[in-house]
Asker: 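Take this structure, written in structure tokens, and hold onto it; I'll ask about it next.
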Amino acid sequence: GNVKSAIPDIPEIAKYFGTKGRYEEVNPYLIDDILSVNKSLLKPPSPDCNAVHLTALIRHGTRYPTTQNVKKMLNISSLVLTHASGNEIWLQDIKTKWNMWYTEDMDGRLVEKGREDLRHLAVRLATAFPTLISEGNLRGNRIKFMTSSKHRCVDSINSFKQGLKNLWKIEDMDFDHEVNDELMRFFDRCRRFIKDVAQNSTALAEFDLFRSGAEMKSVREKVAGRLQIPHTLITTDSVEAAFYVCAYEFAIKTINSPWCSLFDETDAQVLEYSSDLKQYWKRGYGHDINQKSSCSLFHDVFNRLDRIANASRFGDVTEAVTVQLGHADTLLPLLSLMGFFRDDVPLTSDSYAAQQNRTYRTSRFVPYAANLVLVMYECSEGLRLQLLLNEQPLAFPGIGHPAPLYRAVREAFQDLLQGCDFRKECEMP
Ligand SMILES: O=P(O)(O)O[C@H]1[C@H](OP(=O)(O)O)[C@@H](OP(=O)(O)O)[C@H](O)[C@@H](O)[C@H]1OP(=O)(O)O
């Protein structure tokens with residue numbers, strides 16, 4: 001019928017959930033129609049072009065909290081259930097209508113919504129690129145699948161495949177995927193990253209400083225006041241965990257949880273900045289090795305594009321589509337390596353106010369199921385490469401065109417193409 005689907009009651013702070021945000025917040029038109037494809041955005045660069053290859057680098061779909069966060073959520077929920085007082089409706093609802101249902105064994109696994117995220121993404125990409133993501137190419141093994149070994153990624157790539165099988169009513173075939181952590185979890189393989197960042201307690205100093213700074217103190221005091229709990233008991237971990245309850249209740253169950261009433265927009269923006277500081281210094285521009293650790297994935301993608309470019313002259317392109325499933329930690333370093341979302345000044349613990357309009361804002365570009373799609377076209381004047389991030393055209397830095405000539409892209413990235421040696425960058429003396 002023509003009854004619009006009931007728009008879920010969306011927490012006003014939902015756009016500040018960082019890497020724990022829903023895909024729909026980045027593309028709100030999907031709330032009404034999850035299979036909607038903005039065809040005008042996705043038409044070929046010019047009528048004479050035809051698509052010859054597509055690579056999709058995809059983050060897994062919506063997941064449960066990781067164990068480390070379930071522990072923090074347990075702490076804040078028992079503190080609130082035992083110590084909070086006040087007769088606000090939302091507090092009564094937390095106490096009477098909500099229960100702490102998260103358990104440590106959830107361990108970041110994919111939830112049903114996460115399977116839907118990937119099944120729907122598969123159908124939308126097949127709709128947008130029907131000559132590449134096609135039943136014939138799937139049955140003809142011209143669509144390659146690769147994934148991180150993490151359960152949430154394996155489940156995600158199987159959901160992506162299931163989306164295509166449902167679309168074409170395929171029940172008589174299964175399709176393999178390659179588990180490749182060297183590429184999809186390169187950060188685990190880069191010794192310099194592990195030593196200088198992951199295991200270096202000073203590497204996230206700006207993040208740590210902000211978490212114990214003035215803006216976060218104000219959030220803690222306001223939340224303590226709303227709960228009528230002494231603010232000495234409300235730590236940064238507490239407010240972060242309560243924010244995560246709100247984010248996970250929404251992402252997993254599309255519920256506007258009473259926990260969201262603990263925060264106003266300013267609180268959410270402070271917590272968003274805190275999350276951006278973590279990603280900036282651990283996965284982004286903060287440390288050069290963060291981006292250099294993604295050199296192996298960068299070369300994997302461009303070596304394939306070069307093969308396609310050479311083969312396309314002879315029309316025997318066998319690798320029509322490559323789908324690679326990873327993490328936010330896979331996409332963020334690569335996006336930085338390629339120069340996306342770089343601010344003129346670094347994100348630091350004391351630049352919260354100055355960075356209100358920062359471009360490195362993870363809520364805007366790496367939600368669950370975030371995806372970077374590269375489409376190569378054969379056009380009359382040569383090969384073109386179109387870039388899409390979360391199904392929206394993305395101009396290459398320094399080129400400003402979302403579907404430039406491939407040779408222009410290679411020129412822009414020539415230093416990386418000739419350098420960016422993973423072994424050299426990552427080995428330790
Ligand atoms: O804060 P948590 O424990 O959720 O951090 C996770 C990462 O989640 P994210 O920060 O991206 O929301 C998780 O990335 P994902 O893309 O797989 O969800 C990562 O795999 C996991 O190790 C945690 O990252 P951390 O840097 O080890 O804290």
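One-based numbering, in listed order, for ligands and for the atoms of each.
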Asker: Around atom 14 (O) of ligand 1, find the nearest protein heavy atom and jot down its residue, atom name and distance.
Answerer: Asp329 OD2, 3.7 Å
Asker: Can you list the ligand 1 atoms lying under 4.0 Å from a non-hydrogen atom of Thr66?
Answerer: 2 (P), 3 (O), 4 (O)
Asker: Can you pull out the closest protein heavy atom to atom 10 (O) of ligand 1? Residue, atom name and distance to 0.1 Å, please.
Answerer: Gln279 NE2, 3.2 Å
Asker: Taking atom NE2 of His151 as the centre, report whether more than 12 heavy atoms of other residues, nucleotides or ligands fall under 6.0 Å from it.
Answerer: yes
Asker: Assess, by modelled atom type and distance only, whether the side chains of Tyr273 and Gln355 contain a donor and an acceptor separated by less than 3.5 Å.
Answerer: no
Asker: Return the closest protein heavy atom for atom 25 (P) of ligand 1 as residue, atom name and distance.
Answerer: Lys278 NZ, 3.5 Å
Asker: Does Gly163 offer a backbone N or O that forms a donor-acceptor pair with the side chain of Asn166 under 3.5 Å?
Answerer: no
Asker: Which protein heavy atom lies closest to atom 23 (C) of ligand 1, and at what distance to 0.1 Å?
Answerer: Gln68 NE2, 4.3 Å
Asker: Counting from 1, what ligand 1 atoms have a heavy atom of Asn69 closer than 4.0 Å?
Answerer: 1 (O), 2 (P), 3 (O), 4 (O)
Asker: Looking at Glu319, is its backbone amide N or carbonyl O close enough to the side chain of Arg142 to form a donor-acceptor pair, meaning the two atoms are under 3.5 Å apart?
Answerer: no
Asker: Using a 4.0 Å cutoff against the non-hydrogen atoms of Ala328, which atoms of ligand 1 qualify?
Answerer: 11 (O), 16 (O)
Asker: For Asp32, does its backbone N or O pair with a side-chain atom of Ser36 as donor and acceptor, under 3.5 Å?
Answerer: no
Asker: Any donor-acceptor pair under 3.5 Å linking the side-chain atoms of Tyr368 with those of Arg152?
Answerer: no
Asker: Can you tell me if Thr235 uses its side chain to pair, donor with acceptor, with the backbone of Ser238 under 3.5 Å?
Answerer: yes
Asker: Which heavy atom of the protein is the closest neighbour of atom 17 (O) of ligand 1, given with residue, atom name and distance?
Answerer: His327 ND1, 2.7 Å
Asker: For the residue pair Glu391 / Tyr23, report whether a side-chain donor-acceptor contact shorter than 3.5 Å exists.
Answerer: yes
Asker: Which residue holds the protein heavy atom closest to atom 18 (O) of ligand 1, what is that atom called, and what is the gap in Å?
Answerer: Arg63 NE, 2.7 Å
Asker: So for Arg152, does at least one of its heavy atoms come nearer than 4.0 angstrom to any atom of ligand 1?
Answerer: yes
Asker: Looking at ligand 1, does any of its N/O atoms fall within less than 3.5 Å of an N/O of Arg185?
Answerer: no
Asker: How far is atom 9 (P) of ligand 1 from its nearest protein heavy atom, and which residue and atom is that?
Answerer: Thr19 OG1, 3.4 Å
Asker: Closer than 4.0 Å to some heavy atom of Arg283 - which atoms of ligand 1 meet that?
Answerer: 26 (O)
Asker: Heavy-atom contacts with Lys282 under 4.0 Å: which atoms of ligand 1 show up? List them by number with element.
Answerer: 25 (P), 26 (O), 27 (O)
Asker: Using heavy atoms and a threshold below 4.0 Å, how should the contact between Arg59 and ligand 1 be classified: side chain, backbone, both, or neither?
Answerer: side chain
Asker: With salt bridge (charged side-chain N to carboxylate O under 4.0 Å, His left out) as the test, pick out the partner of Lys15 among Glu265, Glu24, Glu25.
Answerer: Glu265
Asker: Can you tell me if Lys195 has over 12 outside heavy atoms packed within less than 6.0 Å of its NZ?
Answerer: no
Asker: Give me the residue, atom name and distance of the protein heavy atom closest to atom 15 (P) of ligand 1.
Answerer: His60 NE2, 3.2 Å
